[in-house]
Amino acid sequence: MNELKELRPYGDSFNDGKIQVSFSLPLDAGLEAQEVARQLAYKMGLEEVNVVDMKNIGEGFSFFIIYGKLKYGVDASQIRVAKAVSRSMSYYEINDFIREHIGRKILVVGACTGSDAHTVGLDAIMNMKGFAGEYGLERYPEIKTVNMGSQVANEDLIKKAMEVNADAILISQVVTQKEAHIKNLTEFVDLLEAEGLRDRFLLIVGGPRISHELALELGFDAGFGQGTKPNDVASYIVQNLVKKV
Amino acid sequence: MNELKELRPYGDSFNDGKIQVSFSLPLDAGLEAQEVARQLAYKMGLEEVNVVDMKNIGEGFSFFIIYGKLKYGVDASQIRVAKAVSRSMSYYEINDFIREHIGRKILVVGACTGSDAHTVGLDAIMNMKGFAGEYGLERYPEIKTVNMGSQVANEDLIKKAMEVNADAILISQVVTQKEAHIKNLTEFVDLLEAEGLRDRFLLIVGGPRISHELALELGFDAGFGQGTKPNDVASYIVQNLVKKV
Amino acid sequence: MEEKIRISWDVVDRCRQAARSITDDIMVHIHENTTTTVERTVLRLMGIEGSDEQGIPLANVMVEQINNSGLLGDGVAFWLGNAMQATDEGPQKIAEQVGRGEFALPDLPRQEPAIVRQKVAEVAERGLERIKKKRAERESLMKELPPGPQPWLYVIVATGNIYEDVKQARAAVEKGADIIAVIRSTAQSLLDYVPYGPTTEGFGGTYATQENFRIMREALDDGGREAGRYIQLVNYSSGLCMPEIAAMGAVERLDMMLNDSMYGILFRDINMKRTFIDQHFSRMINAVAGITINTGEDNYLTTTDALDEAHTVLASQFINESLGFKSGLKTQQMGLGHAFEIDPDLEDGFLFEIAQAQLIRQIFPHAPIKYMPPTKYITGDIFRAHLINGMFNLAGVMTGQGIQLLGMLTEAIHTPFVQDRALSIENARYIFNNARDLQDEIMFVPYGRIQQRADEVLLKAASMLESITEKGLMQAIEDGMFANISRPQEGGKGLDGLVKKGEEYYNPFSDMFKEELSIHE
Amino acid sequence: MEEKIRISWDVVDRCRQAARSITDDIMVHIHENTTTTVERTVLRLMGIEGSDEQGIPLANVMVEQINNSGLLGDGVAFWLGNAMQATDEGPQKIAEQVGRGEFALPDLPRQEPAIVRQKVAEVAERGLERIKKKRAERESLMKELPPGPQPWLYVIVATGNIYEDVKQARAAVEKGADIIAVIRSTAQSLLDYVPYGPTTEGFGGTYATQENFRIMREALDDGGREAGRYIQLVNYSSGLCMPEIAAMGAVERLDMMLNDSMYGILFRDINMKRTFIDQHFSRMINAVAGITINTGEDNYLTTTDALDEAHTVLASQFINESLGFKSGLKTQQMGLGHAFEIDPDLEDGFLFEIAQAQLIRQIFPHAPIKYMPPTKYITGDIFRAHLINGMFNLAGVMTGQGIQLLGMLTEAIHTPFVQDRALSIENARYIFNNARDLQDEIMFVPYGRIQQRADEVLLKAASMLESITEKGLMQAIEDGMFANISRPQEGGKGLDGLVKKGEEYYNPFSDMFKEELSIHE
Ligand code: B12
Ligand code: B12
Ligand SMILES: Cc1ncc(COP(=O)(O)O)c(C=O)c1O
Ligand SMILES: Cc1ncc(COP(=O)(O)O)c(C=O)c1O
């Protein structure tokens with residue numbers, strides 16, 4: 001479609017470019033601060049900049065809400081994105097697939113690493129109960145799981161994975177403040193590589209701010225974000241384990 | 001202050017550049033649409049782009065909420081903005097000022113022009129009751145007002161202003177859809193100029209999306225936006241009438 | 001529904017009695033006069049369509065011709081029938097010939113009135129049938145795909161371009177909207193004709209044209225089928241062409257019409273003598289067509305203080321109700337308007353909103369009350385606006401309103417973007433669902449602030465109405481008793497379209513509607 | 001306060017009785033043991049400050065020294081007193097010498113116990129006085145600048161940098177916040193020592209240090225003076241250093257402390273035997289210092305379903321209350337925690353939230369209930385989040401909660417930006433003000449959904465508590481009865497800091513606190 005060549009945001013008509021922006025400035029609200037806000041908006045590529053709200057929010061800070069027309073477009077006909085799984089299989093398909101193509105139970109170790117104690121996401125993937133109507137990995141007859149829980153040191157996770165001879169390692173990272181997850185995940189891969197173990201496992205990371213692309217960048221095999229279901233992960237694991245073997 | 005030289009938005013630390021953006025795209029929600037949204041954000045100068053929400057909003061449209069770090073700053077130490085009034089006087093000061101420096105009652109004609117029927121803003125400035133605790137112009141003993149109300153044709157307003165020999169013309173423009181106000185205001189000034197009457201009146205425009213700068217651009221003497229009080233307008237009129245005489 | 005607040009029914013009776021007496025006076029005026037737009041409506045209902053080569057609708061050309069000859073007091077129907085009898089052509093053919101200037105209606109020889117009426121009545125009968133067929137069609141579609149539970153989610157589209165409107169409307173339906181209103185372009189209400197064809201250029205709204213109605217109706221029927229519920233379509237039977245638009249809506253199966261007996265007078269400075277006549281005829285059409293009207297009392301609160309003037313809303317509802325009955329509307333067709341417009345910074349303001357909404361709910365138990373969102377105190381702070389809209393939605397579901405016109409988070413900024421509407425629908429769906437039965441779970445303290453406020457508003461409405469019975473409604477409007485806006489009886493737009501009926505005045509639809517609606521004068 | 005919902009007070013009595021019996025068992029364990037952090041707390045209260053040259057706090061150095069020698073069962077106070085008597089130096093001097101390795105405490109000759117205790121008691125007395133002075137200071141400041149009406153607006157700051165925190169806290173106060181909590185850095189709860197000095201690098205929060213407490217206290221006193229109301233400061237007496245932080249808070253005039261008898265066990269995997277002891281000592285300090293605790297039951301609803309597990313929150317509140325009483329806390333100091341965490345997509349979910357909030361309000365009428373905002377179902381849709389937070393605020397003011405921890409529209413995204421906090425304060429102020437007296441205006445239908453839900457939750461809590469009386473609280477935790485999290489009695493962090501008290505165990509503060517608080521065992 002040709003109209004996708006230079007696609008812009010849509011407010012109430014095609015390619016009108018309308019967007020909404022908000023931010024604070026360390027300035028008292030007033031005409032000067034408003035002008036700074038406007039200039040920032042122009043730098044962002046907005047036209048017809050409309051500062052629709054400005055208010056003091058205490059201690060010399062002010063808050064702005066702006067509407068405007070973005071002058072940039074993106075060629076939406078050329079977009080390609082990396083996906084971890086091309087097709088998510090069902091619980092039954094997956095178990096059958098393991099029996100048929102792998103011929104043994106597979107073993108998955110998971111942990112929330114570093115100082116991260118948000119276990120709900122990992123539990124949603126690994127524990128019996130599962131998530132959004134899908135059984136968790138623990139429930140799969142052909143998958144054995146070890147869920148190490150929260151705040152697990154990278155070293156301990158590697159040790160456990162070696163010990164049980166895991167096929168895949170699942171890491172959950174929810175706290176991303178000050179890029180804490182990047183540091184932690186990079187360290188993990190470095191550690192594995194240093195010990196020459198990188199290729200031994202499928203390395204999978206998940207969390208609400210994780211994308212497959214980010215995961216690849218950090219040296220993982222796959223990344224899963226918001227709304228991931230257990231069978232997505234299991235599909236990825238079995239499909240890629242087969243390739244590995 | 002030197003730290004104002006390259007001032008950026010503030011999220012939770014100085015110059016962290018954190019801003020929030022939202023817009024729709026005429027694409028179904030999904031990894032591709034998300035990527036388009038991300039690329040638009042990068043074009044706007046955002047870094048660490050975080051698409052925190054994406055959802056279908058019907059009929060093949062999707063909506064995005066994004067956070068990121070803006071890489072641009074503005075030199076806030078160099079900001080100068082045009083202001084209509086440097087100092088707003090009080091009701092009493094203004095009446096005294098007229099008696100002392102003008103020596104006659106002044107006359108103001110106002111209207112919502114074109115197809116605009118939003119009279120509340122103009123009434124707030126012109127009628128007895130006033131606005132936000134400030135008396136309206138009608139209440140000033142030294143000011144005579146003619147409020148022509150809504151949907152007044154530019155020609156009729158000029159005719160009336162001539163007829164009563166007005167000192168100032170007040171125009172209210174609230175509807176700004178498709179830049180309707182720009183067209184209407186430009187036409188008004190053109191009409192006046194064509195008839196050689198431009199310098200006869202102080203030309204003032206007001207409305208929630210009007211700024212002093214915009215007014216100057218359009219050939220008006222002053223513009224008043226959101227939250228204007230009657231005494232702001234009266235102060236402007238008397239201060240500039242004196243200069244004119 | 002059990003009584004949540006105690007209503008002084010004797011005071012309600014006083015209000016209704018006063019309203020009846022007020023509107024009796026108005027009805028006298030209505031019966032004595034007709035207007036150019038009423039007459040154009042007659043032509044439209046007779047099947048006349050299209051425009052002349054200058055783009056002037058044929059209905060306008062014909063009515064103007066008769067009016068200029070001083071003959072409109074006979075009713076345009078007579079002169080059309082006269083031409084039909086004289087030329088032996090059908091209405092549309094005649095209209096086209098007149099449009100091309102081939103002849104002028106008044107120039108044809110006067111035929112025998114009884115025969116003329118007979119001819120006209122036959123065609124008019126078919127016009128009525130067309131409306132009744134559309135009504136039946138709606139009823140069967142609604143049975144097939146029943147609309148969702150109340151409060152119904154009502155949103156507007158207003159891009160100015162009917163084709164963009166269609167996209168936005170369909171998106172809204174997909175998100176859960178029950179009702180779509182296509183807002184008109186800013187100045188259309190002051191046009192003394194109805195534009196023709198599909199339109200793509202409007203300011204702050206899209207022109208109401210018959211073709212636009214048709215395009216949107218089709219889109220919503222389609223969207224409704226996909227969504228599994230009938231979607232109602234709204235436009236404006238309001239302004240200088242009030243009854244003509246009612247007629248267009250009737251044949252294009254609109255479901256609701258903004259239609260108020262005083263809105264045009266107050267907010268569009270349309271002459272009151274004109275408007276009262278137009279509203280009556282338009283309402284008869286709406287009544288026959290099974291269209292629900294939406295009255296405009298909510299607008300009063302945009303120019304006055306919602307706390308001080310709450311009683312004017314109620315008083316006006318009684319007047320709208322009374323005039324509605326006299327035009328044959330059923331209570332079930334009266335979407336009486338009010339609004340959530342109290343200053344959000346007022347302490348306990350939410351209690352007063354509840355009091356008002358509950359009061360109106362109980363006084364008009366069978367009317368699908370139309371509840372308008374906060375607008376006046378909405379600012380560019382979209383987060384705050386979204387939140388206040390949430391409280392409005394809560395008030396709606398807590399008091400069982402019928403039609404919830406959803407507030408937009410960008411109310412103070414622009415007509416809605418596609419996402420604004422989506423967010424507002426999500427807002428309402430969340431609140432309605434999460435507090436679905438709250439209404440049944442709470443009672444109000446007997447002598448509390450909510451009860452007291454309701455009592456006060458009702459009493460004030462009664463005394464306002466009683467004072468109007470004395471001076472008359474026209475004088476009351478001149479005195480600025482509604483919306484703080486004063487309009488002179490002889491001022492405003494459209495007075496030139498007011499015509500005194502002659503002895504022989506003939507309007508076949510008036511007669512048929514009255515019979516159909518059992519209106520006895 | 002009148003009874004909005006009927007409470008089965010006999011069932012409440014059953015709950016309280018069961019809780020008393022459950023905590024009696026725990027108290028036996030508490031009386032028999034001490035922990036390293038309790039002992040370090042004793043040193044801190046004796047006035048010991050600072051760290052050794054490796055940055056290890058002197059309190060840690062000393063307690064470790066004694067513990068390594070197997071002498072901690074005597075209480076560190078004995079060994080400090082012993083050194084004081086032996087060297088004739090004050091506590092801080094001794095600490096510094098030990099820190100520099102000039103001598104080791106156990107190496108000093110054992111002095112006459114009675115004299116040692118006498119010496120220690122004198123210094124301890126001054127420690128207690130210091131706390132009482134701070135308490136009196138708070139009381140007089142609060143009289144001078146009374147805090148605003150409840151629900152109090154409680155917001156968090158969490159930049160990681162105490163100086164940015166100060167800016168953000170002051171901005172919040174200017175906007176209307178009543179309470180400021182400085183969230184701790186992610187992993188601090190698992191540190192077995194308290195960092196020292198002002199800090200500027202934390203993840204998702206700022207380190208709790210005595211200097212950070214002081215800096216923020218000063219900023220809030222200042223901001224509170226400008227705002228005309230006393231601003232309360234909150235931190236975390238929680239984790240492996242629970243009582244030490246209580247001691248720091250007591251002397252820096254913190255006003256509230258997150259402090260729960262089971263949170264650390266469940267959510268930080270801290271050993272339960274350790275935690276029960278720590279919570280008891282920390283609560284005595286809080287009690288004496290006049291600090292209000294905030295319990296953490298709200299957290300249960302982040303790992304389990306809020307509808308199914310509502311009764312576990314209530315059951316836990318009874319346990320926290322009972323352990324609180326046994327540590328000398330007054331009801332007025334018990335900010336019992338619960339939360340608005342029911343799936344917002346649930347039909348009538350708001351009714352169930354109201355039921356829970358009202359139930360807890362009535363069962364603990366004098367406790368300043370701490371109401372936590374929706375978090376689990378909050379997504380990146382900031383508009384939706386803001387709205388749900390508004391409904392939470394409405395539930396708060398409708399049921400008279402004491403402490404309203406404001407939800408942030410960016411809950412699912414990041415720790416709050418300066419504007420997020422401002423918007424959330426505006427949200428709460430709007431709702432609280434606009435619906436200020438709604439509470440007094442409504443009643444709940446006698447046998448309605450709200451009443452039934454409240455009855456059900458209370459009954460389930462009673463049977464849960466009664467089943468715990470049988471197996472014991474430690475076993476119940478091991479069985480995963482709270483938050484669906486199971487912790488083994490001998491597992492978790494910090495078990496190595498558990499020490500059996502010796503015959504001669506000496507802790508001057510324990511004794512003084514018990515007297516001060518009239519705790520009779
Ligand atoms: C519940 C919760 C808690 C609970 C955690 C309980 C527990 N045992 O998990 C408690 C109350 C203990 C808690 C504490 C804290 N929290 Co918290 N918490 C949350 C909250 C409300 C919900 C998270 C959640 O459970 N989501 C539901 C699950 C199902 O979603 P999910 O995690 O995204 O998981 C899905 C996918 O991401 C994916 N996935 C996740 N992991 C994995 C792993 C693999 C391998 C795969 C394949 C997929 C996958 O699949 C899951 C299912 O689809 C969020 C806010 C929010 N609404 O998101 C804050 C939040 C995550 N917490 C936050 C913070 C800062 C903290 C604290 C550090 C605060 C403090 N200073 O004390 C503490 C300490 C925690 C720590 N040390 O890590 C911040 C993080 C900010 C940031 N971006 O860095 C958030 C965003 C709140 C905020 N705005 O401040 N928290
Ligand atoms: C009240 C209202 C109405 C009332 C107007 C009643 C009346 N007699 O004024 C009614 C219901 C009739 C109405 C109708 C319409 N409205 Co209207 N209305 C509003 C509303 C809710 C409030 C405006 C208001 O009264 N503000 C209060 C006053 C005090 O503020 P103010 O106007 O900004 O004035 C202040 C300053 O701006 C300044 N000022 C203003 N004028 C002047 C003049 C001078 C000389 C000076 C010095 C200063 C000055 O001083 C004032 C005091 O501080 C706004 C939404 C909103 N919340 O802002 C929409 C809004 C303005 N309306 C809108 C629209 C589109 C319409 C319609 C066109 C819709 C339609 N298609 O039917 C119609 C038609 C109106 C028309 N022909 O113009 C849009 C405009 C969109 C846009 N940006 O173009 C808005 C923003 C709503 C929306 N989101 O769609 N409306
Ligand atoms: C009854 C009625 N008619 C019409 C309108 C819309 O205005 P316009 O006449 O400009 O279409 C409204 C708006 O609220 C209304 O209530
Ligand atoms: C009692 C209690 N302690 C502590 C915390 C915070 O966690 P952390 O222990 O990581 O500081 C909470 C959080 O809700 C809590 O409720």
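The chains referred to below are lettered A, B, ... by the order of the sequence lines, with proteins before strands, and numbering in each begins at 1.
- Looking at A:Gln226, only its side chain comes within 4.5 Å of chain B, counting heavy atoms on both sides.
- With respect to B:Arg209 and A:Glu48, no salt bridge is recorded, no charged nitrogen being found less than 4.0 Å from a carboxylate O.
- For B:Glu213 and A:Arg38, the salt-bridge test passes: some basic side-chain N is under 4.0 Å from an acidic carboxylate O.
- In this structure the side chain of B:Leu31 reaches within 4.5 angstrom of the side chain of A:Lys83, judged on heavy atoms.
- B:Ser22 contributes atom OG, which lies 5.5 Å from atom OH of A:Tyr67 (distance to the nearest 0.5 angstrom).
- Atom CZ in A:Arg80 sits 11.5 Å away from atom CD in B:Glu35 (nearest 0.5 Å).
- Neither the backbone nor the side chain of B:Phe64 comes within contact range of chain A, judged by heavy atoms closer than 4.5 Å.
- Contacts between B:Leu70 and chain A at a heavy-atom distance below 4.5 Å involve the side chain alone, from C-beta outward.
- If you measure heavy-atom distances from B:Ile65 to chain A, you find no contacts under 4.5 Å at all.
- Counting heavy atoms of neighbouring residues, nucleotides and ligands inside a 6.0 Å radius, atom NZ of B:Lys55 exceeds 12 of them.
- Between chain A and the options B:Val21, B:Asn15, B:Val74, B:Val51, heavy-atom pairs under 4.5 Å are most frequent for B:Val74.
- Remark: side-chain polar atoms of B:Lys43 are paired, donor with acceptor, to backbone N or O of A:Gly73 under 3.5 angstrom.
- A pairwise comparison of heavy atoms in A:Leu7 and B:Pro26 identifies CD1-CG, 3.8 Å as the closest pair.
- Looking only at heavy-atom pairs under 4.5 Å with chain A, the residue among B:Gln20, B:Glu179, B:Lys71, B:His212 that has the most is B:Gln20.
- Under the 4.5 Å side-chain criterion, counting only non-hydrogen atoms from C-beta, B:Leu27 is in contact with A:Leu4.
- Other residues, nucleotides and ligands place no more than 12 heavy atoms under 6.0 Å from the OH atom of A:Tyr135.
- Counting heavy-atom pairs closer than 4.5 Å to chain A, the top residue among B:Val36, B:Thr176, B:Leu46, B:Asp75 is B:Val36.
- Across all their heavy atoms, A:Pro9 and B:Leu25 have their closest contact at CA-CD2, 3.9 Å.
- From A:Lys18, atom NZ reaches atom OG of B:Ser24 across 12.5 Å, with rounding to the nearest 0.5 Å.
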Query raised in the report: side-chain contact (heavy atoms from CB on, under 4.5 Å) between B:Met44 and A:Ile19: does it pass, once the steps are laid out?
Result: CA-CA 11 Å; B:Met44 291 166 69; A:Ile19 74 169; 3.3 Å; yes

Query raised in the report: Could you go step by step and tell me if A:Gln39 and B:Ile79 meet the side-chain contact (heavy atoms from CB on, under 4.5 Å) rule?
Result: CA-CA 10 Å; A:Gln39 290 190 17; B:Ile79 296 287; 3.5 Å; yes

